[in-house]
Amino acid sequence: MTTTNSHVITCKGIVSWGKGEPLKVEEIQVEPPKSNEVRVKMLYASVCRTDLLFANGFPIPAFPRVMGHEGVGVVESFGEGVTGLREGDLVIPAYIAECKTCETCMSEKTNLCLKYPLSYNGLMLDGSSRMSIRGQTAYHAFSCSTWCQYLVINVNFLIKIDPKTPLPDASFLSCGFSIGYGATWKEAMVKNGSSVAVFGLGAVALGAIKGAKSHGAIKVIGIDNNPMKAAKGRAFGMTDFINPEESDKSIAELVKDLTAGMGVDYSFECTGVPPLINQAIQSTKLGTGKIIQMGVEEPNVNINIIGLLVGRTLKGSIFGGLKAKTDLPIIYSKCKNREIQLDELLSHEIKLEDVDSF
């Protein structure tokens with residue numbers, strides 16, 4: 001079955017034209033979906049730090065790039081081969097697919113699908129784009145471009161959600177918050193009675209704080225040089241706050257001061273700032289400490305290998321280890337049941353056309 005509208009839609013979206021260039025609202029031509037693709041009318045989108053990296057050409061300098069990878073919208077049309085969706089369904093785009101048939105999708109060890117792999121090149125699976133600006137090819141962000149009024153995405157990267165889900169909640173859960181929550185659940189497997197340190201108190205970190213508390217952590221230390229973020233951390237379950245600028249001690253020393261000199265069981269590094277990665281390692285217990293790395297700022301960093309040789313484990317994480325179609329609905333359900341409340345994540349809202357002056 002297909003409901004493809006064969007016409008090209010001209011709409012507005014936010015575009016990065018190059019490293020250091022200001023973001024601009026442009027008119028974008030969005031093609032109709034091809035086989036196994038869906039065109040989505042975006043209703044709401046949110047900002048992730050990764051968007052800033054894309055705008056500056058990391059990890060691949062593909063420009064012009066239509067920005068955004070967090071958001072929620074409704075199905076506008078779809079191509080042949082698409083099943084389980086109809087026009088008007090509320091959906092979120094994801095950059096991690098789950099075919100449920102490949103070796104890794106059937107494994108509990110990873111969430112990286114082999115059939116529909118994670119992509120940074122800004123193109124569809126067939127190597128082409130569905131967006132253009134004045135005749136010039138425009139690149140997607142990951143598998144989608146949520147800061148555009150319409151986008152085209154492969155159906156395997158799309159998740160249908162409850163139509164009653166508040167749009168801000170749906171957008172936050174499509175990436176940032178869910179990454180942190182998933183990392184405590186799927187990657188670290190936080191144990192009851194444990195201790196946790198969380199580096200950086202953005203949306204990912206707040207998800208990690210909530211996830212750690214939900215899984216029984218009794219000490220959750222939040223670390224940020226912005227004292228205004230302490231209240232947000234406590235709203236999600238943080239028990240202690242460290243502002244590194246208020247002490248001459250290292251962060252690792254401050255964490256150990258709060259844990260009888262032992263360090264924490266788990267560190268969640270959400271910033272990608274190279275010195276903080278080593279501090280996250282040193283903040284955990286000798287022999288058993290686990291460090292989950294979610295943030296990224298530079299492609300290469302220097303790691304103090306001695307900190308790992310003494311038995312600690314450093315693990316990288318993409319999308320918090322969540323399987324998009326299996327695990328995200330569980331988190332959405334917790335939000336619907338008010339086990340997870342995301343009001344503190346919403347700082348302000350702006351209209352698309354106001355971005356140039358933002």
Side-chain angles (χ1 to χ4, degrees), residues 8-40 42 45-71 73 79 92-97 112-158 171 174-176 179 204 272 294-301 316-319 324 352 355-356 358:
V8 172
I9 291 178
T10 297
C11 62
K12 294 185 181 297
I14 301 171
V15 177
S16 171
W17 284 94
K19 183 178 181 179
E21 296 289 326
L23 300 179
K24 292 184 178 181
V25 177
E26 300 277 10
E27 283 200 346
I28 298 170
Q29 288 69 52
V30 181
E31 297 176 8
K34 295 183 179 181
S35 177
N36 295 311
E37 295 177 354
V38 180
R39 188 158 60 184
V40 177
M42 295 304 299
S46 45
V47 180
C48 175
R49 193 167 183 271
T50 304
D51 296 312
L52 303 180
L53 297 177
F54 271 128
N56 284 300
F58 181 87
I60 296 176
F63 300 108
R65 191 182 289 271
V66 185
M67 300 297 298
H69 66 280
E70 292 188 8
I92 62 165
Y95 53 87
I96 295 291
L112 293 174
C113 180
L114 296 175
K115 189 174 182 180
Y116 304 103
L118 172 69
S119 174
Y120 298 105
N121 65 11
L123 299 172
M124 304 294 286
L125 296 177
D126 65 0
S128 64
S129 173
R130 300 292 174 271
M131 294 180 164
S132 61
I133 303 171
R134 297 183 290 277
Q136 182 177 353
T137 295
Y139 295 89
H140 305 251
F142 282 127
S143 61
C144 56
S145 293
T146 59
W147 296 2
C148 188
Q149 292 172 319
Y150 289 86
L151 63 84
V152 175
I153 186 170
N154 184 283
V155 67
N156 292 283
F157 292 88
L158 206 59
S171 187
S174 68
C175 181
I179 289 176
V204 173
M294 292 172 281
V296 59
E297 187 173 88
E298 300 177 11
N300 299 295
V301 297
S317 175
I318 189 78
F319 203 53
L352 178 65
V355 168
D356 281 338
F358 177 63

*Asks:* With sequence neighbours excluded, give me every ring pair (Phe, Tyr, Trp, His ring centres under 6.0 Å) pair touching residues 130-152.
*Replies:* Phe54-Phe142, His69-Phe142, Tyr95-Phe142, Tyr120-Phe142
*Asks:* What is the distance from atom CG of Leu352 to atom SG of Cys148, rounded to the nearest 0.5 Å?
*Replies:* 8.0 Å
*Asks:* For the residue pair Leu123 and Gly127, what are the closest heavy atoms and their distance?
*Replies:* CD1-O, 3.4 Å
*Asks:* Find out whether Glu37 and Arg130 are in side-chain contact, i.e. whether some heavy atom of one side chain is under 4.5 Å from a heavy atom of the other.
*Replies:* yes
*Asks:* Take Arg134 and Glu27 through the test salt bridge (charged side-chain N to carboxylate O under 4.0 Å, His left out) and record every step on the way to the result.
*Replies:* CA-CA 8 Å; Arg134 297 183 290 277; Glu27 283 200 346; over 6 Å; no
*Asks:* Which heavy-atom pair separates Pro32 from Val8 by the least distance, and what is that distance?
*Replies:* CD-CG2, 4.2 Å
*Asks:* Given Ile28, which partner from the list Leu151, Ile9, Ile14, Ile133 fulfils the side-chain contact (heavy atoms from CB on, under 4.5 Å) test?
*Replies:* Ile133
*Asks:* Which heavy atom of Leu52 sits nearest a heavy atom of Asn56, and at what distance?
*Replies:* O-ND2, 3.1 Å
*Asks:* Are any of the side-chain heavy atoms of Phe157 and Pro93 separated by less than 4.5 Å?
*Replies:* no
*Asks:* Roughly how far, to the nearest 0.5 Å, is the CZ atom of Arg49 from the SG atom of Cys175?
*Replies:* 13.0 Å
*Asks:* Roughly how far, to the nearest 0.5 Å, is the OG atom of Ser143 from the CD1 atom of Ile153?
*Replies:* 4.0 Å
*Asks:* Which pairs with one or both residues in residues 138-158 pass salt bridge (Lys or Arg N to Asp or Glu O under 4.0 Å), sequence neighbours excluded?
*Replies:* none
*Asks:* Can you find a pair of side-chain heavy atoms, one from Asn36 and one from Tyr116, that are under 4.5 Å apart?
*Replies:* no
*Asks:* Go through the structure and list residues passing side chain to side chain contact (heavy atoms under 4.5 Å, CB included) with Val204, not counting sequence neighbours.
*Replies:* Ile179, Cys270, Met294
